[in-house]
Participant: 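Input: one structure, supplied below.
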There are 2 protein chains.
Amino acid sequence: MLATMKATERRSRQREELRAEILRAARGIVLGEGYRALTMRRIAEAIDYSAAAIYQYFENRDAIAASLMDQGFEELAASFEACAAIADPAARLEAVGRAYVAFGLDHPETYRLMFMEDPEMTASLLERETGRQGPGERAYGALIGPVAELAAAGRLQPGGEAQPIADALWSALHGMVALKLTCPQFPATPTDTLLDTMLRGFVRGFIR
Amino acid sequence: MLATMKATERRSRQREELRAEILRAARGIVLGEGYRALTMRRIAEAIDYSAAAIYQYFENRDAIAASLMDQGFEELAASFEACAAIADPAARLEAVGRAYVAFGLDHPETYRLMFMEDPEMTASLLERETGRQGPGERAYGALIGPVAELAAAGRLQPGGEAQPIADALWSALHGMVALKLTCPQFPATPTDTLLDTMLRGFVRGFIR
DNA sequence: CCGTTAACTAAACAATGTTCAGAATAACGA
DNA sequence: TCGTTATTCTGAACATTGTTTAGTTAACGG
């Protein structure tokens with residue numbers, strides 16, 4: 001009985017461990033060779049199992065991708081945490097914006113997976129997220145929070161509402177990252193200049 | 001000899017015709033079932049030929065996709081032509097921005113193909129474009145033109161340069177479209193509101 | 001009508017994701 | 001320790017992909 005306990009526990013720990021190893025391998029492949037190289041057989045080779053074995057740990061390839069997306073959102077939210085200490089909402093918002101773009105450019109393949117690949121996958125993940133306080137919502141909160149604070153302090157331009165403004169900023173930042181990832185040589189403006197320009201315009205356009 | 005002329009001419013006309021039919025079919029498939037459904041066998045079925053026959057008209061599947069992208073750029077540039085008549089550069093710029101977003105939302109699969117799919121494909125197309133006045137460059141000119149006019153008229157905010165501002169606008173518009181295509185239910189702000197907000201912020205942020 | 005050339009097809013190849021019948025392994029009860 | 005049972009894993013298979021190739025069919029020219 002006691003031995004049974006120990007055994008099943010060890011078994012489930014080993015399960016967890018192998019599952020994690022699959023994800024580790026998958027992550028390595030995506031980072032090193034891109035999402036297109038993420039094949040079941042390639043993962044299997046990396047962990048020294050057969051491809052079929054993976055299906056005991058993940059329903060299918062999309063489930064693996066979804067897990068990688070989850071990790072991505074965690075990292076993104078984590079990179080926002082560092083900005084939380086900034087008191088002034090305008091300064092915090094700018095810091096979050098810069099962190100967002102930095103994340104996208106530093107983890108192009110992950111970002112691509114999260115926001116540019118399969119609509120259905122992104123949708124189902126965000127839906128699943130809607131349960132309270134997942135990393136996706138936390139990340140989104142880091143954007144809308146400062147804008148809401150500015151609105152509450154009467155520091156938005158007249159007629160401006162928090163949500164549309166926050167969404168507009170997110171869209172614009174996403175556009176910058178997405179465009180750089182899809183066609184690096186275009187637009188011609190260097191990334192830093194582009195980001196500075198965008199943020200300056202945003203501040204002048206929405207904050208007073 | 002004269003008969004030979006006629007025959008070869010007809011043959012080359014038939015070639016052209018079949019090539020066009022392949023593109024027509026491909027376009028129909030992409031529009032109706034999305035880019036993922038664009039398979040050689042599916043095209044072959046639509047035009048009542050074998051899949052292998054297509055390779056006499058296109059080097060590979062990517063070449064077909066590239067042709068569809070070309071058509072997309074043509075359409076985009078054409079939809080910008082309508083705005084060329086607007087005299088005031090600020091008003092013209094706003095019209096072009098609205099036309100851009102409308103194009104993306106009206107032709108989601110084409111837009112996806114053009115700006116969100118394969119980096120290499122988009123890159124090679126834009127590179128090929130760099131030869132003078134392709135539709136891609138014309139479309140880009142419709143964006144940077146008005147901004148340059150505003151700069152020349154001293155109507156930009158102090159310190160603002162035309163190119164970064166135009167690129168920032170393009171990035172922002174692209175972000176809006178791309179985000180809507182990838183996760184339609186997010187951001188929550190309705191598209192119209194989002195676009196209005198963005199354009200108002202842009203005007204206030206960069207134009208004086 | 002025959003020979004040449006172009007166009008087209010059927011079949012095959014190498015990948016892909018995924019499934020399934022069975023082999024191998026581990027855990028359990030005696 | 002041994003036999004039973006549950007779990008885990010594998011090899012082979014299937015259906016799809018893009019693409020190539022050998023060979024057949026059709027068109028053309030004289």
Side-chain angles (χ1 to χ4, degrees), chain A residues 1-23 25-26 29-30 33-69 113 117-118 120-121 124, chain B residues 1-23 25-26 29-30 33-69 113 117-118 120-121 124:
Chain A
M1 182 61 160
L2 196 138
T4 304
M5 214 56 171
K6 272 236 159 76
T8 48
E9 188 191 329
R10 182 182 65 225
R11 212 168 34 192
S12 88
R13 216 173 345 146
Q14 280 177 347
R15 257 194 90 80
E16 210 53 49
E17 174 52 34
L18 185 47
R19 194 189 141 95
E21 197 172 329
I22 291 172
L23 281 180
I29 293 167
V30 168
E33 308 161 51
Y35 177 58
R36 300 178 49 175
L38 185 68
T39 72
M40 300 304 265
R41 287 173 175 84
R42 183 81 189 66
I43 298 174
E45 181 193 25
I47 63 172
D48 268 313
Y49 279 77
S50 78
I54 302 175
Y55 286 85
Q56 279 192 329
Y57 297 87
F58 292 92
E59 192 190 342
N60 51 29
R61 202 187 73 127
D62 283 357
I64 298 177
S67 280
L68 293 181
M69 286 175 63
L113 196 50
E117 211 64 50
D118 190 357
E120 319 235 356
M121 239 161 54
S124 81
Chain B
M1 181 60 158
L2 196 138
T4 303
M5 214 54 168
K6 272 240 160 74
T8 46
E9 188 191 330
R10 182 181 64 224
R11 214 165 34 193
S12 89
R13 212 166 355 135
Q14 280 176 346
R15 258 194 88 80
E16 211 52 51
E17 174 52 36
L18 184 47
R19 195 189 142 93
E21 196 173 329
I22 291 172
L23 281 181
I29 292 167
V30 169
E33 308 161 51
Y35 178 59
R36 302 177 48 177
L38 186 68
T39 71
M40 300 303 266
R41 288 174 175 83
R42 182 83 189 65
I43 298 172
E45 181 194 23
I47 62 173
D48 268 312
Y49 279 76
S50 78
I54 301 174
Y55 286 85
Q56 280 192 331
Y57 297 86
F58 292 93
E59 192 190 342
N60 51 27
R61 201 187 72 126
D62 283 359
I64 298 176
S67 279
L68 293 181
M69 286 175 64
L113 195 52
E117 211 64 51
D118 192 355
E120 320 235 357
M121 239 161 56
S124 82

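Note that this is a predicted model, so its numbers are computed, not measured. Every chain is numbered from 1 and lettered A, B, ... according to where its sequence line falls, protein lines coming before strand lines. The analysis underlying the following values was restricted to heavy atoms, covering all of them including side chains, and did not include hydrogens, waters or symmetry mates.
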Participant: Compare all side-chain heavy atoms of Leu23(A) with those of Phe58(A) and state whether any distance is below 4.5 angstrom.
Facilitator: yes
Participant: Within the structure provided, determine whether Ile64(A) and Ile54(A) are in side-chain contact (heavy-atom separation under 4.5 Å).
Facilitator: yes
Participant: Does a side-chain N or O of Gln56(A) approach OP1 or OP2 of dT7(D) to a distance below 4.0 Å, or not?
Facilitator: no
Participant: Without decimals, in angstroms, what is the distance between Ile54(B) CD1 and dA10(C) C1'?
Facilitator: 15 Å
Participant: Might you point out which heavy atoms bring Asn60(A) and Tyr55(A) nearest each other, and give the distance in Å?
Facilitator: CA-CE2, 4.0 Å
Participant: Specify the separation, in whole Å, of atom CD of Glu45(B) and atom P of dT9(C).
Facilitator: 14 Å
Participant: Restricting to nitrogen or oxygen on both sides, can you table the protein-nucleotides 17-20 of chain C pairs closer than 3.5 Å?
Facilitator:
unit_1: dG17(C); atom_1: OP1; unit_2: Met40(A); atom_2: N; d: 3.3
unit_1: dG17(C); atom_1: OP2; unit_2: Met40(A); atom_2: N; d: 3.1
unit_1: dG17(C); atom_1: N7; unit_2: Arg41(A); atom_2: NH1; d: 2.8
unit_1: dG17(C); atom_1: O6; unit_2: Arg41(A); atom_2: NH2; d: 3.1
unit_1: dT18(C); atom_1: OP2; unit_2: Tyr55(A); atom_2: OH; d: 3.0
unit_1: dT18(C); atom_1: OP2; unit_2: Arg61(A); atom_2: N; d: 2.9
unit_1: dT18(C); atom_1: O5'; unit_2: Tyr55(A); atom_2: OH; d: 3.3
unit_1: dT18(C); atom_1: O4; unit_2: Arg41(A); atom_2: NH2; d: 3.4

Participant: So which nucleotide from dC8(C), dC9(D), dT8(D) ends up closest to the side chain of Ser50(A)?
Facilitator: dC9(D)
Participant: To the nearest Å, give me how far apart CG (Leu18(B)) and C1' (dA27(D)) are.
Facilitator: 15 Å
Participant: Just by distance, do the side chain of Arg19(B) and the backbone of Gln14(B) share a donor-acceptor pair under 3.5 Å?
Facilitator: no
Participant: Minimum heavy-atom separation for Ile43(A) to Ala25(A), with atom names?
Facilitator: CG2-CB, 4.5 Å
Participant: Could you tell me the separation between the CD atom of Glu16(A) and the C1' atom of dT7(D), rounded to a whole number of Å?
Facilitator: 17 Å
Participant: Can you tell me if Tyr57(A) touches the phosphate of dT8(D), counting only side-chain N or O atoms and a distance under 4.0 Å to OP1 or OP2?
Facilitator: no
Participant: Identify whether the distance between the nearest side-chain nitrogen and carboxylate oxygen of Arg42(B) and Glu45(B) falls below 4.0 Å.
Facilitator: yes
Participant: Could you tell me the separation between the OH atom of Tyr49(A) and the P atom of dT7(D), rounded to a whole number of Å?
Facilitator: 17 Å
Participant: Calculate the interatomic distance between Asp48(B) atom CG and dC8(C) atom C1'; express it in whole Å.
Facilitator: 13 Å
Participant: Is the shortest heavy-atom distance from the side chain of Ile29(B) to the side chain of Tyr35(B) under 4.5 Å?
Facilitator: no
Participant: Tell me: CZ of Phe58(B) to C1' of dT20(D), nearest whole Å?
Facilitator: 19 Å
Participant: Return the value, rounded to whole Å, for the distance between atom CZ of Arg36(B) and atom C1' of dT16(D).
Facilitator: 13 Å
